[in-house]
Each structure stands twice: as C-alpha cells, then as structure tokens.
Amino acid sequence: MMETSFLKVRNTRTGLIDHQIPVAGPAEISAAAARCRAAQVDWQQIGPAERASRLSRLADCMLAHRAGIAAAVEADTGRRRIAGIEVDAVIGTVRGWAAFQGVPEKTDWTQGRSNPAIRHRGQYVPYGLIGVISPWNYPLLLSLIDAIPALLAGCSVMIKPSEVTPRFVRPFQVALDEAGFGDLVAIVTGGGSTGSNLIDVVDLVCFTGSVATGRKVAMQAAGRLIPAFLELGGKDPMIVLAGADLDLATDAALRGSVLGTGQACQSIERIYVDRSIHEEFVDLLAAKARQIRFNDEDIGRGDLGPIIYQNQADILTQHIADAVARGAKLVCGGRIHLSGGGLWLGPTLLTDVTQDMQVMREETFGPVMPVMAFDTVEEAIALANDTEFGLSAAVFAADLDQAEEVALELEAGAISLNDAALTSLFHEAEKQAFKSSGLGPSRMGAAGLTRFVRRKALIANTGRPLTMSQFAEDSE
Ligand code: NAD
C-alpha cells in the first residue's frame, strides 16, 4: 500500500505552518470517481424537485455548521467579516439554486418543418462527473460556485480546492456527510498534480485560477476531448469620464480595487481618468485610501486582511518597483507591512504610469491602483482594450446613458456602469470572458446550470421509412 504524503499549509496571519493536507494520488482519485459515478445514477433518476429538496437540506446543514466553516475560511484567508459573508453567500447560493424552477429534462414533441412526417423532442442528459479545481482567494465560494448548479443538473462532482487555503474542507465535509452527499461529492486535496489527476477521471472540468494553469488544464482536457470551462485572471480597467460624480467614482474605485486586499479576479487593476478631473480624482482617492486600516492587530477591527499567498507578495512588490523605476509616482501605500508573521499591503496609488509597465499589463492581484490621465474617450477605450485579458471592466460617467455608450465598446465579459466590480455582488447576469480571461458558457445566470447537461434529440418518423431504392442512381 502506498504511503500518504502531506502538504504543509502556512497560516496567512502568523506565517507559521499550522495545518497539513493529504495529497490524493491517482488510485484514490479513481476510487473516489467510481463512488461518485455510482451515486450519480440514482441522483439523476430522482429528478430535479427531489434534488432541489436535498440541496435545501445541504444549506440547512451548512447553516448548522456555519460557525466551524466560517472559522476555517477565516483561518484560510486571515479576514473575518469577508469570511462570514463568503459562507453566507454560499448558503444563499445553495438555497437560490434549490429554488430555481427550470431544470431542463425533456422538451415536448415538435413537428418537423422540412418534413412534417418527422417530429422530434429533446432530452437533457447531465454529465456523469464534473471536476472543479479552485484557487485560493475565495476558497469555499469558488469550490462551490460551479459544483452546486452541476449537482442540481444531476451530475456528481469532484472538487480539488487550492492547497494554499484548504482548511474549510474538514468542517464543510461534516455538513456534506450530514446532508447525505458523502458519495456524490468527493473533495480531493493536494497540489497541481492532484488537479491534473482529477482531469483524467472527469467528464467536464470547471477551472478557476490563473491563465498559465488554465492553459495547461485546457490542453489536458483537449487531449481527453472533454469540455473545459475556464474562469481565469483579469486586468480590469475602470474609465472615469469628465462629469462623473467624483465622490461616488472614488468610492467605487477604492472598493473595486482594494476590497479583499485586491485578491479578487474582478478587482479594478487600472484606472483611466479624464485629464480635466485627474488631479481632483487622485487627491480624493488618496484621501480615502489613507483612511483604510489593516486588521493585523485585531482580526475583529480594520478594513484590509493580509496578503493570503506569500508568493503574491513578491508579484506586488515587483509590479510596484517596476512602475517606480520607470517613472511612476507613488502617492500612497507601496510598502509591504510585516506584522506578527503576516504580510499586509495598504491601498497603493500610482500616478504617471505608462501602458507598458507591468502594473498596467500583468495581473497584479493586490490593492494597487495605477491611475492614468486620458484626453479623449476614444483614447480611454483604446487603452482599456489594450490588454490580453477581458474579464470585466467599469465605466463611471455623469449618467448611465453615457456610461453605456462607452461600455458597448469595451472588450470584456461584464461591465459595471457607475460602479465597479459588480459581478461579485450580482450573479444573475450571464457573461462570458473575452480574450485570455476564460473559456466556455456563462457560470452566472441560467446558463450556469444548462452548461452541465447535454441535449439529446429523439427524432421520430410517423410515416414510412425511406427505402434504398429511393436513392438509387437510376431512380426518378
Ligand atoms: P493557480 O492557477 O495557481 O491555481 C488554481 C488551482 O489549480 C489550484 O487548486 C492548483 O492546485 C491547481 N493546479 C495547479 N497546477 C495544475 C495543473 N497542472 N492541473 C490542474 N490543476 C492545477 O491560481 P491561484 O493562484 O490559486 O488563483 C489566483 C488566480 O485565479 C488569479 O489569476 C485570479 O484572477 C484567478 N481567479 C479567477 C476567477 C474568475 O472567476 N475568473 C476567480 C478567482 C480567481
């Protein structure tokens, strides 16, 4: 028998190794896949109403174990309020999908247009086993955002959470088992090789993470001819037009850029401001940024949690140093604050930036706000679109019509009008990533569920089947 190996997990607030996870290998993953597939047969049979009722029970069990799950997410991410919001959001998501009326099963018979003797109906067949691979920034939410609609659709699910933030798994597993999902949902822990082994056993993979890993996942999935739905990184721009209410625009820019210490895919990462208001905008944003407090001394106080992943701190430092070396001006923030073994970075405002700096081209994934002035709206649109990413964007204008006009020109999957990063607060609007930010149908809205079923056609001939003689070369 193979001995289990373990991965060490660092505590984001203390810097100490205080947790470990077993690394699931190929044999364990194959056995878990077999259990999931066996449980899925009944799960598909019981139909959407019963599945919804069992998902409601899962929400109840999560609520019963809320304290333990929230404490684990808090330890994973080093923040309390957002961890609580994350757990409640997931419970709300489970309840929301359980109440969803519209799980497709079969369509009615439709008479053919080209040949009225032939009619057809559709059957929707769930994939047997969905794989979910998730990142470290919102560990519980991003492990379940695809898993829950997949379950409602009739699939079984195997989840590989990030090895950086896996503490939530134990208390969540208790809720899963209590709700009767022990066989239908498998959580396998480990690093990249466990993720790769998972892709070898599932029928479809949902991946949330970086572009670099997403590319590997897509190639492996292509080799097996299974779909890969990818939700990847971004470099979201925000455009602020002359005439915008600067108090509101700076509120949105600050929250959009630094909430969760900027460790969110939909964070604002570049801000383009009309030159006529640039100075006033920067002054106001800097004044608000300076009010932001760390939660280092007391997790129950402050606005910003730590940089969750140590390696991310190196990227932040590098992007800021590169910008300053190339002539950017650091208005506030910019220095990593070491406290009790953890790493914090305050809102970092950079001006005099140029489009070729790393901070304007690569995903920073931290509370960094590079602000650039523009002279014409066309220039702002061109700058915003000058990126390999296309996740989301924001436009702040004097009114919504003006904001919409600009939004229609932006190459990104979701545009917030007169606010920023609205995709984190509102999940009903369908959206697909542009460019390198992702692949596949929308995870938001109703498509979030229908992408987990395949449409099968039943085509019935009510007349006589055609005969071979009707196709003979010498027939009339
Ligand atoms: P990452 O790509 O490093 O890792 C993501 C997951 O992939 C982890 O669970 C990791 O173990 C696994 N993995 C690594 N190598 C693998 C391989 N070869 N095969 C299969 N799985 C493998 O990403 P991260 O650093 O954890 O997360 C940050 C990234 O996630 C950022 O780029 C961020 O923008 C992105 N993200 C995107 C969204 C979105 O909805 N678009 C949401 C959150 C985060």
Side-chain angles (χ1 to χ4, degrees), residues 7 9 12 21 23-24 26 29 76-77 86 89 131-146 158-166 168-169 187-202 205-224 226 228-236 259-269 307-316 362-366 387-393 412-414 421 423-424 427 431-444 448:
L7 280 182
V9 185
T12 184
I21 48 168
V23 175
I29 288 174
D76 272 333
T77 56
E86 182 176 346
V132 171
I133 301 175
S134 53
W136 48 261
N137 54 329
Y138 286 87
L140 177 75
L141 178 75
L142 293 171
S143 293
L144 293 179
I145 191 167
D146 299 317
M158 183 180 288
I159 302 169
K160 206 300 279 176
S162 168
E163 62 276 32
V164 180
T165 50
F168 76 91
V169 171
I187 306 184
V188 293
T189 54
S193 59
T194 302
S196 173
N197 290 330
L198 172 148
I199 300 169
D200 282 339
V201 300
V202 297
V205 59
C206 295
F207 173 82
T208 307
S210 63
V211 172
T213 314
R215 223 180 277 282
K216 290 186 203 162
V217 167
M219 308 249 277
Q220 194 181 338
R224 291 199 55 229
I226 61 166
F229 298 163
L230 309 178
E231 305 279 347
L232 310 178
K235 190 74 202 166
D236 290 4
L259 184 69
T261 317
Q263 302 165 121
C265 56
Q266 76 287 344
S267 286
I268 295 298
E269 296 232 343
I307 299 161
I308 296 171
Y309 184 34
Q310 210 172 6
N311 296 4
Q312 197 67 39
D314 299 337
I315 296 172
L316 302 182
E362 298 168 23
E363 187 176 44
T364 308
F365 219 56
T387 170
E388 68 157 310
F389 299 101
L391 194 63
S392 39
T423 51
S424 62
H427 292 181
K431 64 164 188 98
Q432 287 169 281
F434 284 37
K435 302 181 188 169
S436 301
S437 284
L439 191 69
S442 174
R443 82 162 22 150
M444 306 292 190

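Atoms within a ligand are numbered from 1 in the order they appear, just like the ligands themselves. Keep in mind that what you see is a predicted model, and the values were worked out from it rather than measured.
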Show me which atoms of ligand 1 lie under 4.0 Å from any heavy atom of [X].
X	answer
Gly233	32 (O), 34 (O)
Asn137	43 (C), 44 (C)
Ser162	9 (O)
Leu142	42 (C), 43 (C)
Lys160	8 (C), 9 (O), 10 (C), 11 (O)

With heavy atoms only and a cut-off of under 4.0 Å, state how [X] meets ligand 1: side chain, backbone, both or neither.
X	value
Glu163	side chain
Leu198	neither
Val211	neither
Leu391	side chain
Ala264	neither
Tyr138	neither

Within 6.0 angstrom of Arg215 CZ, more than 12 heavy atoms from elsewhere: no
Least distance between heavy atoms, [X] atom then [Y] atom:
X	Y	answer
Gln312	Ile307	CB-CG2, 4.0 Å
Thr423	Gln266	OG1-CB, 3.5 Å
Gly413	Phe434	N-CD1, 3.7 Å
Pro135	Thr208	CD-O, 3.2 Å
Lys431	Ala414	CD-CB, 3.6 Å
Leu232	Leu391	O-CD2, 3.8 Å

Counting C-beta onward and ignoring hydrogens, is there a side-chain heavy-atom pair between Val164 and Gln310 closer than 4.5 Å? no
Heavy atoms, side chains only, cut-off 4.5 Å: are Ser267 and Asp236 in contact? no
Around [atom], find the nearest protein heavy atom and jot down its residue, atom name and distance.
atom	result
atom 41 (N) of ligand 1	Leu232 O, 2.7 Å
atom 33 (C) of ligand 1	Phe365 CE1, 3.4 Å
atom 17 (C) of ligand 1	Gly192 O, 3.6 Å
atom 39 (C) of ligand 1	Cys265 SG, 3.2 Å
atom 27 (O) of ligand 1	Pro135 CB, 3.1 Å
atom 25 (O) of ligand 1	Trp136 NE1, 2.9 Å
atom 18 (N) of ligand 1	Lys216 CD, 4.0 Å
atom 32 (O) of ligand 1	Glu363 OE1, 2.6 Å

Hey, could you give me the CD1/CE distance between Ile187 and Met158, rounded to the nearest 0.5 Å? 11.0 Å
Spacing of CD belonging to Glu163 relative to OG belonging to Ser193, to within rounding of 0.5 Å: 9.0 Å
Heavy atoms only: which of [options] is nearest to [atom]?
atom	options	result
atom 2 (O) of ligand 1	Gly214, Ser392, Ser210	Ser210
atom 21 (N) of ligand 1	Pro139, Ser424, Gly195, Ser134	Gly195
atom 29 (C) of ligand 1	Pro166, Gly209, Ala221, Ser267	Gly209
atom 16 (C) of ligand 1	Val217, Thr213, Ile133	Thr213

Would you say [X] touches ligand 1, if touching means a heavy atom closer than 4.0 Å?
X	result
Gly191	yes
Phe207	yes
Arg443	yes

Any donor-acceptor pair under 3.5 Å from Glu86 side chain to Leu141 backbone: yes
Pick from Ile29, Ile21, Ile133: which one makes a side chain to side chain contact (heavy atoms under 4.5 Å, CB included) with Thr194? Ile29
For the pair Glu388 and Lys435, find out whether any cationic side-chain nitrogen is under 4.0 Å from an anionic carboxylate oxygen. no
Check the angle between the aromatic planes of Trp136 and Phe365 and answer parallel, tilted or perpendicular using the 30° and 60° thresholds. perpendicular
